[in-house]
2 protein chains.
Amino acid sequence: METDRQPYRPLYTQIQEALVRRIVEGEWRPGELLPSEQALALQMGVSQGTIRKAMDALETEKIIDRRQGKGTFVAELTQEKSVYRFFRLLRPDGRRIVPTSGNETVRLQPMGARAALALGLAEGTPAFEVLRTRLVDDQPVAFERTIVPEKVFPVLDRHSPLPNALFTLYQREYGINVVSTDERLRADLCDEQDAAYLGLTQGAPLLEIERVAVTVTGERVEWRLSRCNTSLCMYGITLT
Amino acid sequence: METDRQPYRPLYTQIQEALVRRIVEGEWRPGELLPSEQALALQMGVSQGTIRKAMDALETEKIIDRRQGKGTFVAELTQEKSVYRFFRLLRPDGRRIVPTSGNETVRLQPMGARAALALGLAEGTPAFEVLRTRLVDDQPVAFERTIVPEKVFPVLDRHSPLPNALFTLYQREYGINVVSTDERLRADLCDEQDAAYLGLTQGAPLLEIERVAVTVTGERVEWRLSRCNTSLCMYGITLT
DNA sequence: GAGTGGTCTAGACCACGCA
DNA sequence: GCGTGGTCTAGACCACTCT
């Protein structure tokens with residue numbers, strides 16, 4: 001007599017999930033050294049090869065950092081790495097932009113319909129809204145509106161001035177790891193607010209980037225709308 | 001006495017390159033079955049594990065297709081796979097667009113400055129230019145100008161009507177495998193030509209996508225400029 | 001049942017970083 | 001020189017596909 005067959009799950013995927021769980025739960029903090037592969041193999045009762053295969057996946061997901069001769073570390077979202085990983089704006093000549101911010105304001109207010117829809121929350125949910133301008137060579141190139149639920153990031157306004165890459169703050173202060181973003185791009189015309197922030201005239205073309213940040217556990221924790229002056233910059237990406 | 005030390009190259013990377021070379025040279029055609037891992041291991045004088053690791057990389061690069069129980073095949077760019085892999089336009093509600101073409105024209109003429117610059121060729125190099133309109137639900141949403149060197153794709157005009165995904169044609173008829181694209185996005189205003197092709201009014205916002213296609217050997221073989229009506233579609237992508 | 005890719009193990013050795 | 005991750009091997013067994 002046979003019972004219901006469980007779907008087949010390789011051992012290394014279970015190891016992988018166990019490791020993610022232990023990292024998310026804070027057993028090892030960002031930047032910390034993990035036990036060696038041999039030690040984990042002994043501890044978890046599998047061979048080193050199986051630990052390796054699990055860690056290969058974690059490395060691909062950028063959850064850990066492996067350094068030959070030194071060890072394996074929980075990935076840390078440093079400013080440089082984080083900024084370049086998710087910030088895709090380039091100068092017209094193709095060089096990368098290191099964004100700097102101007103005119104930052106943070107306020108607590110009910111979440112708007114568009115952000116709420118994208119984050120799967122109810123309109124009016126208490127949220128922090130961060131408005132800032134992105135500068136390149138002291139020229140404003142983009143105007144950003146970032147909205148996060150207050151419940152997920154309490155007292156966000158206390159951390160002002162905010163870092164250029166908010167994801168580093170999310171990780172450091174809230175233990176929340178953003179691992180991917182969904183982006184939607186459209187063209188639009190410059191409205192009155194854009195014109196004021198970007199020093200453009202109404203009716204000029206604008207690139208609008210709508211972004212949702214997703215954590216390692218699949219939660220959508222941040223919504224951002226960027227409106228970019230693409231006469232000063234462009235969005236660049238390689239598809240594979 | 002020591003001679004110059006060669007930089008260290010793991011065995012599996014050499015196997016990987018050898019396999020790519022044999023595929024590019026046509027020893028196995030797209031869709032064909034490769035020898036089994038065991039057979040290749042014997043043939044190349046390494047262990048099966050090393051063949052596996054090389055093939056893991058080829059699979060990530062989408063150069064081969066592995067199917068448990070059946071074997072390993074040279075990847076074939078089918079219409080469905082190829083279209084979805086590099087075509088990032090979505091409907092306003094987020095559903096994928098299956099592009100269909102209208103008004104296709106192909107002509108042989110000197111390459112323009114912008115395409116030549118992007119492809120690293122001299123302006124005026126003989127080239128085929130493909131103009132077509134992309135339709136969604138019989139509505140024109142994008143106007144595409146695709147330029148390829150005649151030398152790389154001789155008598156391209158004989159293959160009309162062209163498939164929706166040109167990359168499948170490049171692979172099937174010319175043995176050229178596109179494995180990645182570099183894309184640059186900007187916002188612009190609708191000009192007279194756009195207006196004619198897309199049924200818009202001049203001054204409406206447009207999303208411009210400039211794309212360069214790169215082969216497995218790193219050659220830039222195609223330049224494309226798409227001008228999209230983002231009131232009917234948008235560009236969507238997930239960053240990781 | 002035969003053959004393929006996929007998993008898992010155990011052990012050896014290599015390249016790297018650091019003290 | 002030691003400990004770490006990275007490579008390579010050899011062999012066993014599992015899951016899947018087709019005959």
Side-chain angles (χ1 to χ4, degrees), chain A residues 2-20 22-23 28-76, chain B residues 2-20 22-23 27-28 30-76:
Chain A
E2 226 185 69
T3 60
D4 272 3
R5 230 162 51 87
Q6 293 295 324
Y8 173 63
R9 309 267 332 285
L11 188 49
Y12 73 89
T13 62
Q14 301 171 42
I15 296 293
Q16 181 184 341
E17 282 160 20
L19 290 172
V20 169
R22 290 168 74 175
I23 290 172
W28 306 292
R29 305 275 314 158
E32 262 185 41
L33 182 62
L34 294 181
S36 74
E37 296 178 352
Q38 284 293 0
L40 284 172
L42 275 175
Q43 182 189 114
M44 305 180 82
V46 299
S47 77
Q48 190 205 2
T50 301
I51 297 285
R52 266 196 88 65
K53 183 140 190 184
M55 286 190 156
D56 284 347
L58 298 186
E59 188 176 34
T60 302
E61 294 179 71
K62 297 199 174 75
I63 293 172
I64 59 172
D65 241 8
R66 295 200 278 194
R67 295 181 221 153
Q68 189 173 34
K70 299 189 70 173
T72 301
F73 302 80
V74 180
E76 201 167 12
Chain B
E2 226 185 70
T3 60
D4 272 3
R5 228 163 52 87
Q6 294 295 326
Y8 173 64
R9 310 270 328 289
L11 189 49
Y12 72 90
T13 63
Q14 302 171 41
I15 297 293
Q16 183 185 340
E17 283 160 19
L19 289 172
V20 169
R22 291 169 74 176
I23 290 172
E27 181 169 342
W28 305 292
E32 262 185 41
L33 181 63
L34 294 180
S36 74
E37 295 178 353
Q38 283 294 0
L40 283 172
L42 275 175
Q43 182 189 113
M44 305 179 82
V46 299
S47 77
Q48 190 206 2
T50 301
I51 297 285
R52 265 198 89 64
K53 184 141 191 186
M55 285 189 156
D56 284 347
L58 298 187
E59 189 176 34
T60 302
E61 295 179 71
K62 298 198 172 75
I63 293 172
I64 59 172
D65 240 8
R66 294 202 278 194
R67 295 180 221 154
Q68 189 174 28
K70 299 187 70 170
T72 301
F73 301 79
V74 179
E76 203 168 9

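Predicted model only: the values in this text are computed from it and were never measured. Reckoned from all heavy atoms, side chains included, excluding hydrogens, waters and symmetry mates. Reminder, nothing fancy here: chain letters follow the sequence lines and each chain counts from 1.
For C:dG5, one of the phosphate oxygens OP1 or OP2 lies less than 4.0 angstrom from a side-chain nitrogen or oxygen of B:Thr72. At least one side-chain nitrogen or oxygen of A:Lys70 sits closer than 4.0 Å to the OP1 or OP2 atom of C:dC18. Between D:dG6 and A:Arg66, a contact under 4.0 Å exists linking OP1 or OP2 to a side-chain N or O. Contact annotation: B:Lys53 side-chain N/O to D:dT7 OP1/OP2 distance is under 4.0 Å. Within the 4.0 Å cut-off from OP1 or OP2 of D:dT7, not a single side-chain nitrogen or oxygen of B:Thr50 is found. A sub-4.0 Å separation between OP1 or OP2 of C:dT7 and a side-chain N or O of A:Tyr12 is present.
Residue contacts shown for A:Arg52 include a base, since a base heavy atom lies under 4.0 Å away.
Rounded to whole Å, the distance from CD on A:Glu37 to P on D:dT7 is 11 Å. The distance between atom CD1 of A:Ile51 and atom C1' of C:dC8, rounded to the nearest whole Å, is 12 Å. Across the protein-nucleic acid pair, B:Tyr8 atom OH and D:dG6 atom P stand 11 Å apart, rounded to whole Å. To the nearest angstrom, C1' of C:dG5 lies 10 Å from CE of B:Met55. As rounded to whole Å, 18 Å separates atom P of D:dT7 from atom CD of B:Gln48. The interatomic distance linking A:Leu42 (CG) with C:dT9 (P) rounds to 12 Å, in whole Å. For the pair B:Gln38 CD and C:dT4 P, the computed distance is 9 Å after rounding to whole Å. In this entry the distance linking CG of B:Asp65 with P of C:dG5 reads 12 Å, nearest Å.
A distance of 11.5 Å separates OG1 of A:Thr50 from CZ of A:Arg52, quoted to the nearest 0.5 Å. Rounded to the nearest 0.5 angstrom, A:Lys53 NZ and A:Leu11 CG are separated by 11.5 Å. Here A:Met55 contributes atom CE and A:Thr72 contributes atom OG1; the two are 4.5 Å apart, rounded to the nearest 0.5 Å. Summarising the geometry, atom CD belonging to A:Glu59 is positioned 7.5 Å from atom CG belonging to A:Asp65; distances are rounded to the nearest 0.5 Å. In this structure, the separation between CZ on B:Arg66 and CG on B:Asp56 is 4.5 Å, given to the nearest 0.5 Å.
Checked against D:dC8, C:dT9, D:dT9, the side chain of B:Pro10 finds its nearest nucleotide in D:dC8. Closest to the side chain of A:Gln68, from the set C:dC16, D:dC8, C:dT9, is C:dC16.
Take the nearest nucleotide of DNA chain D for A:Asp56 and for A:Gly69: the residue whose nucleotide is more 5' is A:Gly69.
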